[in-house]
Amino acid sequence: MMNAAAFFLFGGFGLAFSAMAAFGRNMVGCAFSLVMAFFCFAGVYAALGAHLVAVLQIFVYAGAVMVLFVFVIMIIGSRRMTGAGAGQGRFVTGAGVLAAGAALVLLIKVFRGSAVGTGRVSGPFTADAVAAAGGNTRVLSELLFSEYALPFELVTAVLVAAAVCAVTLLIPKRERSGS
Amino acid sequence: MKIDPWMVQALAAGIFMIGFAGVLVRRNVIAMLMCVELMLNAANMSFVAYAWQHADMAGQAVAVFVMAVAAAGAAVGLAIVVSLFRALRSADTGGITLLKE
């Protein structure tokens, strides 16, 4: 099945790229690994039938958010971050990796062994039903503008507030107080 | 070859834990923010996986909202990083000791 092959391919590469992004030595390399990881996640979403979310993932994350990150890395200058690879002390590093690994093993055990990860309660939007109603994008958009209209509008308010907040944070002090 | 629901959840958990370990281990503020983005993406993947598992669209709708809020978070976070850098001339969490003195 093609979807399964795509899932395993993109999932494997996504894991590898996110590890490179999280633990790489070079900040610019980290940023570009993160772009590749976001593309792979979009592939995973598409393999799961969430086509609109996959496209938005590429637009918003691999596009907008990563441009912001690369931009800030360029403002600060990667030369000033030569110590970027330097992590915490050996104790904190060991404890952090150990905690993450233990939690991961625990989570996988829970997902494999219980109904959380294996049960299937079928809702109304099976793959065939979605295809008959005009595809994932159409069905999800209709839902967003009807049932989820209020959260949708609230999100726009959050985005405007965030934009104003970011601009206010970056205006130098003397310009802010005197007009 | 078939995708089992637990495999997708395990993938999301793996990505989340990579981000989690990264936030704990890294000292650079921008690298920590990138790891936070990874964790948000893992949560999103879990939502989409449950939407697929239960043939319900609510998970995908929530994933869209999480994406918008995460973008807002990244914008504000990076603005804070830039102003922190202006104040301290460094992006290293080891240098932030204002409360200590």
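Just so we're on the same page: letters track the sequence lines, and every chain starts at 1. It should be emphasised that the depicted structure is a prediction, and the values quoted were computed from it without experimental measurement. The figures here come from the full heavy-atom set of this structure, side chains too, leaving out hydrogens, waters and symmetry mates.
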| request: Against chain A, label Ala49(B) side chain, backbone, both or neither, depending on which of its atoms sit under 4.5 Å from a heavy atom there. | output: both

| query | Which one of Ala100(A), Ala37(A), Ala19(A) has the most heavy-atom pairs closer than 4.5 Å to chain B? | reply | Ala100(A)

| task | Tell me, for Leu34(A) versus chain B, whether the close heavy atoms (under 4.5 Å) come from the side chain, the backbone, both or neither. | result | side chain

| request: Check each atom of Phe152(A) against the heavy atoms of chain B and say whether the ones under 4.5 Å are side chain, backbone, both or neither. | output: both

| said: Measuring from atom OH of Tyr148(A) to atom CZ of Phe65(B), what distance do you get when rounded to the nearest 0.5 angstrom? | reply: 8.0 Å

| Checking heavy atoms, do the side chain of Leu144(A), its backbone, both or neither come under 4.5 Å from chain B? | side chain

| How many angstroms lie between CG in Leu38(B) and OG in Ser33(A), if you round to the nearest 0.5 Å? | 10.0 Å

| query | With chain B, which of Ala166(A), Ser18(A), Ala95(A) has the greatest number of heavy-atom pairs at distances under 4.5 Å? | reply | Ser18(A)

| said: Measuring only between side-chain heavy atoms, which start at C-beta, is Gln60(B) closer than 4.5 Å to Tyr45(A)? | reply: no

| task | Select, from Thr156(A), Val155(A), Val158(A), the one with the greatest count of heavy-atom pairs under 4.5 Å involving chain B. | result | Val155(A)

| Regarding Asn44(B) and Gln57(A), is there a side-chain donor-to-acceptor distance under 3.5 Å anywhere? | no

| task | Drop me the distance from Met67(B)'s CE to Phe59(A)'s CZ, to the nearest 0.5 angstrom. | result | 11.5 Å

| field | Which atoms of Ala58(B) approach chain A - backbone, side chain, both or neither, heavy atom under 4.5 Å | value | both

| field | Heavy-atom closest pair, residues Cys35(B) and Gly19(B) | value | CB-O, 3.3 Å

| task | Against chain B, label Val44(A) side chain, backbone, both or neither, depending on which of its atoms sit under 4.5 Å from a heavy atom there. | result | side chain

| task | Evaluate the side-chain proximity of Phe7(A) to Val8(B): yes if any heavy-atom separation is below 4.5 Å, no if none is. | result | yes

| Contacting moiety of Leu48(A), where chain B heavy atoms sit under 4.5 Å | both

| query | Relative to chain B, which segment of Val167(A) carries a heavy atom at a distance below 4.5 Å: side chain, backbone, both, or neither? | reply | neither

| said: Under 4.5 Å from any heavy atom of chain B, what part of Leu143(A) do you find: side chain, backbone, both or neither? | reply: side chain

| Gap separating the CG atom of Leu107(A) from the CZ atom of Arg112(A), nearest 0.5 angstrom | 14.0 Å

| remark: Looking only at Val53(A), Val130(A), Val139(A), Leu52(A), most heavy-atom pairs under 4.5 Å shared with chain B are made by Val53(A)

| query | Considering only heavy atoms, which portion of Ala161(A) lies under 4.5 Å from any heavy atom of chain B: side chain, backbone, both, or neither? | reply | neither

| Part of Ala63(B) lying under 4.5 Å from any heavy atom of chain A | side chain

| request: Take atom CZ of Phe13(A) as the centre, draw a 6.0 Å sphere, and report whether it contains more than 12 heavy atoms from other residues, nucleotides or ligands. | output: no

| Contact origin within Val23(B) toward chain A - heavy atom pairs under 4.5 Å | neither

| said: Run Arg90(A) and Thr93(A) through side chain to side chain contact (heavy atoms under 4.5 Å, CB included) and show every step you take. | reply: CA-CA 5 Å; Arg90(A) 193 176 292 167; Thr93(A) 305; 5.7 Å; no

